[in-house]
Amino acid sequence: MRQPRGPPQPAARGAAWPVGMLVALCFTTLPLFLALSPGRPTLLDVWQQMGIKVTVRYDDETTKPPEPSGSPPESRRDILLGGLLSPDIDESTCLSRYLSSLHRRPSPHSPSPYLVSRLRKYEALHRGCGPGTPSYDKSVRQLATAQNSMGLAECSYLVWTPGNHLGDRMLSMASAFLYALLTRRVFLVDMARDMAGLFCEPFPGASWELPPGFPVQNLTRLRRGSEHSYGNMLGAKKISNEDPVDVRSEALPSYAYLHLAHDYRQPDQLFFCDDNQTVLGKVNWLILRSDLYFAPGLFLVPQFEDELRWMFPATDTVFHHIGRYLFHPSNKVWKVITGYYTSYMAKFDEKIGIQITTLAWNPVSTEAYLNQITACTSQEKILPEVDPDAASGDYGNGTAATSKAVLVSSAQPEYAERLKSMYYEHATVTGEAISVLQQPGSGKQPQNQKVLEEMFLQSYCDVSLVSGWSTVGYVGHGLAGVKPLLLPPRNQTVANPPCVRATSMEPCFHAPPSYDCRARKNGDLGAVLRYVRHCEDVDDGLKLFD
């Protein structure tokens with residue numbers, strides 16, 4: 001038997017100590033070098049990446065509230081989502097923040113320590129610069145009186161303004177917040193009337209809502225070609241991007257409007273170019289409108305690459321983490337969501353979500369689309385086929401060991417009704433009993449509340465089948481953290497094959513720019529980076545892959 005080696009003799013120790021000294025020097029100086037390098041993570045972030053546990057406390061940090069009650073301790077093992085959420089928001093003010101994750105299986109996608117650290121730092125920034133603070137009041141007064149940017153201001157801001165559909169809005173909000181994280185800006189939301197009361201405040205000790213009396217009037221009327229749009233100011237030579245490093249803040253306007261909606265043109269698309277980001281970084285107030293999930297475009301900006309790599313080592317988890325951090329239904333909405341889940345969904349072993357959106361430019365009959373859906377569920381072995389010659393109940397002793405529920409969400413109730421009738425009237429060839437659920441619609445509920453309830457209920461499903469192009473479907477499976485099956489539309493006909501399994505759970509950037517900033521010419525942006533490729537359901541779209 002080999003004997004353990006004893007301690008080194010004096011001569012060996014004498015020869016080894018310079019090596020030990022060198023190792024210690026590398027361990028202490030390399031993180032410091034990385035932390036002090038421009039655009040690199042801080043020393044704290046490097047330590048966390050190396051597995052060194054560091055506790056962060058801010059000067060204005062309040063006493064941490066007690067852990068949420070009302071659930072067994074084992075069920076609350078990850079209510080903060082691996083550190084993604086701060087515990088510094090009282091549970092009673094936002095029940096969904098602490099309880100929503102209990103309706104989902106634990107996510108296999110953990111946020112990186114660097115992302116967690118950046119979110120805590122952002123929350124401190126928002127507390128110090130957000131609405132109601134002296135810094136915010138000072139910045140608003142300067143915006144109201146100054147014609148130009150204020151130079152090295154204490155705080156800078158990004159104001160998001162709403163587009164049309166709630167699904168589009170949530171995807172663009174997530175993208176805009178990511179941009180605010182990258183540029184160290186305070187993220188403020190111009191909350192539309194039809195969004196009032198939908199969400200909890202996501203940041204502890206501060207509001208994300210743009211207060212009344214903002215000096216820039218009629219934000220919702222800002223459009224492509226508006227006087228203060230960045231693309232328009234470039235064209236009118238009011239802003240120059242030729243020597244971005246030498247551009248002085250005082251020579252720039254007091255605010256710039258960023259038009260990143262589906263109808264934007266090349267001058268506005270220069271937002272995704274490095275030089276233009278350097279210029280925009282010197283403008284104190286940015287106002288942004290978008291109906292797109294433009295996060296994949298941020299990965300194309302070279303100065304953001306390192307930061308994004310540290311925040312998202314798994315590139316296809318961007319919306320999964322940002323969406324779960326940012327969006328929490330208000331207590332009023334949560335009462336409906338959790339009531340439905342508890343009454344109808346919780347008892348089933350497996351929950352299958354089907355989200356159906358019909359597109360005006362791709363008219364397919366209900367019968368044809370239903371055939372496509374059932375062909376997909378059969379092909380992927382999600383749902384059993386029915387025996388047209390056997391009535392329901394004929395195969396009472398089914399071989400399946402699990403119970404399955406199918407939650408069908410669609411503006412057209414006939415899809416749920418047809419599936420329900422099919423499984424109610426006929427036995428399945430496997431003997432399984434399938435329950436088809438339909439989200440109840442209440443005429444008294446505002447439309448956006450219904451859509452938010454639909455997205456969250458879909459996010460509690462273990463399997464996701466989603467119509468191509470559906471932003472409501474993107475939000476549902478993105479929050480769930482599952483790769484969906486997509487029903488791609490094709491030339492006003494039913495697609496063949498009926499569905500494709502997505503290789504990423506990320507939403508699709510439907511209308512990416514056509515200009516390749518690195519090559520300085522139009523090109524295929526789906527071929528620039530390994531992890532930014534074209535979508536399965538939108539040929540020209542861009543999507544993040546791992």
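We're numbering straight along the sequence, starting at 1.
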Discussion item. Would Leu219 and Leu210 count as a side chain to side chain contact (heavy atoms under 4.5 Å, CB included) here? Give the steps.
Written reply: CA-CA 11 Å; Leu219 293 180; Leu210 185 71; 3.6 Å; yes
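- Taking both residues in full, the closest heavy atoms of Leu81 and Ser101 are given as CD2-CB, 3.7 Å, listed atom of the first, atom of the second, then distance.
- Residue Tyr179 is tested with Phe299, Trp160, Phe271 for a ring-ring contact (aromatic ring centres under 6.0 Å, His included); the sole match is Phe271.
- For CG of Asp275, the number of neighbouring non-hydrogen atoms (other residues, nucleotides, ligands) closer than 6.0 Å is greater than 12.
- Stacking of Arg533 on the aromatic ring of Phe545 is recorded, both the 6.0 Å distance cut-off and the 45° axial limit being met.
- The number of heavy atoms from other shown groups lying within 6.0 Å of CG (Asp263) is above 12.
- Annotation for Arg223: atom CZ counts as buried by contact number, over 12 foreign heavy atoms lying within 6.0 Å.
- The aromatic rings of Tyr460 and Tyr341 sit perpendicular, their planes meeting at an angle over 60°, well past the 30° parallel limit.
- The heavy-atom pair separating Thr430 from Pro384 by the smallest distance is OG1-CB, 3.5 Å.
- Taking the six-membered ring where tryptophan is involved, the planes of Trp334 and His103 are essentially parallel, since the angle between them stays under 30° and well short of 60°.
- Of all heavy-atom pairs spanning Ile79 and Tyr98, the tightest one is CG2-O, 3.3 Å.
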Worksheet entry | Test log, rule side chain to side chain contact (heavy atoms under 4.5 Å, CB included), inputs Arg289 and Leu258 | CA-CA 6 Å; Arg289 176 191 299 279; Leu258 306 174; over 6 Å; no
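- Aromatic pair Phe177/Tyr122: ring centres closer than 6.0 Å.
- Taking 4.0 Å as the cut-off between side-chain N and carboxylate O, Arg309 and Asp306 count as a salt-bridged pair.
- Side-chain contact between Thr374 and Leu419 is present, with at least one heavy-atom pair separated by less than 4.5 Å.
- Under the 30°/60° scheme for interplanar angles, the aromatic rings of Tyr340 and Tyr344 are found to be tilted.
- For residues 516-546, the pairs satisfying disulfide bond (SG atoms under 2.5 Å apart) are Cys273-Cys517, Cys508-Cys535, with sequence neighbours left out.
- Relative ring orientation between Phe272 and Phe509 is described as tilted, the plane-to-plane angle lying within the 30° to 60° band.
- With sequence neighbours excluded, the residues that form a side chain to side chain contact (heavy atoms under 4.5 Å, CB included) with Leu182 are Leu178, Leu298, Phe304, Glu307, Leu308, Met311.
- Between Tyr264 and His262, the ring centre distance reaches or exceeds 6.0 Å.
- Under the side-chain hydrogen bond (donor to acceptor under 3.5 Å, both in side chains) test applied with Ser409, the options Lys450, Gln458, Gln355 reduce to a single match, Gln458.
- Checked against the 6.0 Å centroid threshold, Phe327 and Phe456 do not count as a close aromatic pair.
- A donor atom on one side chain and an acceptor atom on the other are not found under 3.5 Å apart for Asp190 and Thr161.
- Heavy atoms of other residues, nucleotides or ligands lying less than 6.0 angstrom from CD of Glu385 number 12 at most.
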